[in-house]
Amino acid sequence: MKASAGPTEVRPFSKAPAPGADRLRRGIVALLGGWAFGVGMAALAAASGLWAALCARFLWPNTAAETGQRFKVGTPGEYPLGKVQTRYGQQHGVWVVHGTYRGRRQIFALSTICTHLGCMTTWQEGQRRFKCPCHGSGFSPEGLNLEGPAPRPLERYAIRLAEDGQLEVDKSRRFREELGQWTDPASFVEV
């Protein structure tokens with residue numbers, strides 16, 4: 001048997017870092033970690049703010065901007081029976097209709113605002129009805145509620161034949177069908 005000549009030399013795999021270098025490395029890692037955390041929190045706050053703004057916008061009704069309370073919409077001859085005039089919808093918030101109500105031919109001015117939560121309705125000529133894009137309520141050309149969550153018909157505005165022969169709408173006066181106000185002569189012009 002051979003005797004060992006002496007202790008074997010053990011070689012370390014790596015050198016131990018200097019005491020100051022380890023502290024510097026940990027400081028840099030902590031700084032980068034804190035910066036990444038801060039950026040992440042800022043991104044989360046921005047996303048949360050955007051989400052809250054979108055939710056609030058969904059709950060806000062699409063209503064028309066208010067303009068003058070009285071305005072003219074043309075002569076009765078411009079409205080054949082069954083005609084729904086949509087050109088006053090965006091600017092004045094009014095649909096002018098030549099239709100029938102309880103067997104009487106009338107020209108009347110309907111509010112564009114849905115009676116459910118106040119969204120602006122649209123006229124769909126193909127379906128011959130007003131539709132609320134927010135929650136699906138539907139109304140007949142006369143303004144009567146047919147479907148969806150709307151609890152009552154669209155409101156009418158006062159309309160009259162002015163001295164110059166034109167129809168004049170007065171939005172300061174409203175008429176509700178469920179209160180029996182659509183029979184008021186100020187809510188329509190008979191033709």
Side-chain angles (χ1 to χ4, degrees), residues 51-162 164-191:
W51 177 256
L54 289 173
C55 287
R57 174 60 188 106
F58 175 75
L59 296 174
W60 201 268
N62 295 324
T63 58
E66 286 296 319
T67 57
Q69 295 294 305
R70 287 181 182 224
F71 53 95
K72 295 192 176 167
V73 295
T75 63
E78 296 176 37
Y79 297 94
L81 183 61
K83 171 81 172 165
V84 174
Q85 183 55 260
T86 60
R87 70 177 162 200
Y88 304 105
Q90 288 294 322
Q91 184 179 4
H92 295 288
V94 172
W95 307 120
V96 181
V97 182
H98 182 175
T100 58
Y101 179 69
R102 295 188 179 173
R104 298 170 69 183
R105 288 180 51 182
Q106 305 173 342
I107 295 178
F108 46 88
L110 291 173
S111 169
T112 60
I113 305 304
C114 179
T115 56
H116 178 229
L117 289 179
C119 292
M120 187 171 163
T121 59
T122 59
W123 171 247
Q124 296 182 343
E125 183 66 41
Q127 294 182 354
R128 298 282 308 154
R129 65 178 53 190
F130 298 102
K131 285 294 280 184
C132 177
C134 295
H135 302 102
S137 293
F139 302 88
S140 71
E142 291 74 32
L144 299 171
N145 50 325
L146 303 173
E147 60 188 355
R152 57 191 178 83
L154 295 174
E155 293 181 355
R156 284 187 181 184
Y157 294 118
I159 189 169
R160 71 181 187 96
L161 196 56
D164 63 358
Q166 291 200 51
L167 297 165
E168 183 181 63
V169 176
D170 180 4
K171 289 182 60 177
S172 66
R173 297 183 60 202
R174 294 176 179 252
F175 300 91
R176 293 175 50 176
E177 194 273 340
E178 70 277 11
L179 299 177
Q181 296 173 340
W182 282 11
T183 58
D184 186 322
S187 72
F188 61 89
V189 171
E190 197 158 5
V191 281

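Given the structure is predicted, the values throughout are model-derived calculations rather than measurements. These numbers come from the heavy atoms of this one structure, side chains and all, not from hydrogens, waters or symmetry mates.
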Keeping to residues at least two apart or across chains, list the side-chain hydrogen bond (donor to acceptor under 3.5 Å, both in side chains) pairs with something in residues 181-191. R104-E190
Partners meeting side chain to side chain donor-acceptor pair (under 3.5 Å) with Q166 (sequence neighbours left out): none
Cysteine SG atoms at C119 and C132 closer than 2.5 Å: no
Heavy atoms, side chains only, cut-off 4.5 Å: are V73 and Y79 in contact? yes
With a 4.5 Å cut-off on side-chain heavy atoms, are L161 and P76 touching? yes
Spacing of T100 atom OG1 and F108 atom CZ [to the nearest 0.5 Å]: 7.5 Å
Where R129 and L146 come nearest, the two heavy atoms and their spacing: NH2-CD1, 3.8 Å
Applying side chain to side chain contact (heavy atoms under 4.5 Å, CB included) to T86 and W95, what does each step give before you reach the verdict? CA-CA 6 Å; T86 60; W95 307 120; 3.6 Å; yes
Derivation of the side chain to side chain contact (heavy atoms under 4.5 Å, CB included) call for L117 and H135: CA-CA 9 Å; L117 289 179; H135 302 102; 3.6 Å; yes
Would you check if T115 and P151 make a side-chain contact, meaning some heavy-atom pair closer than 4.5 Å? yes
Drop me the distance from D170's CG to I159's CD1, to the nearest 0.5 angstrom. 10.5 Å
Minimal non-hydrogen separation, A162 against E168, with atom names: CB-CB, 4.4 Å
Answer yes or no: is there a donor N or O on one side and an acceptor on the other, between the side chain of S172 and the main chain of Q69, under 3.5 Å? no
Using a 4.5 Å cut-off on heavy atoms from C-beta on, say whether the side chain of P153 contacts that of E178. yes
Give a yes or no on whether a salt bridge exists between R152 and E177, defined as a side-chain N under 4.0 angstrom from a carboxylate O. no
Side chain to side chain contact (heavy atoms under 4.5 Å, CB included) for C114 and F130? Distances and angles first, verdict last. CA-CA 9 Å; C114 179; F130 298 102; over 6 Å; no
Closest approach of F139 to N145 (non-hydrogen atoms, all atoms of both residues): CD2-CA, 3.6 Å
What I'd like to find out is whether the side chain of E78 reaches to under 4.5 Å of the side chain of Q85, using heavy atoms alone. no
Does the side chain of R128 come within less than 4.5 Å of W123's, by heavy atoms? yes
L179 CG to E155 CD distance, which is reported to the nearest 0.5 Å: 9.0 Å
Tell me the closest heavy-atom pair linking R174 and S111, and the distance in Å. NH1-OG, 4.4 Å
Main-chain N/O of G136 paired with K131 side-chain donor or acceptor, under 3.5 Å: yes
Looking at every non-hydrogen atom in both residues, tell me the closest pair between V94 and A109 and how far apart they are. CG1-CB, 3.7 Å
K171 side chain to H92 backbone, donor-acceptor under 3.5 Å: yes
Can we say E142 and R156 salt-bridge, meaning some charged N sits less than 4.0 Å from an Asp/Glu carboxylate O? no
Y88 vs F71 aromatic rings, parallel, tilted or perpendicular, using cut-offs 30° and 60°? tilted
Side chain to side chain contact (heavy atoms under 4.5 Å, CB included) between T121 and I113, intermediate numbers included: CA-CA 6 Å; T121 59; I113 305 304; over 6 Å; no
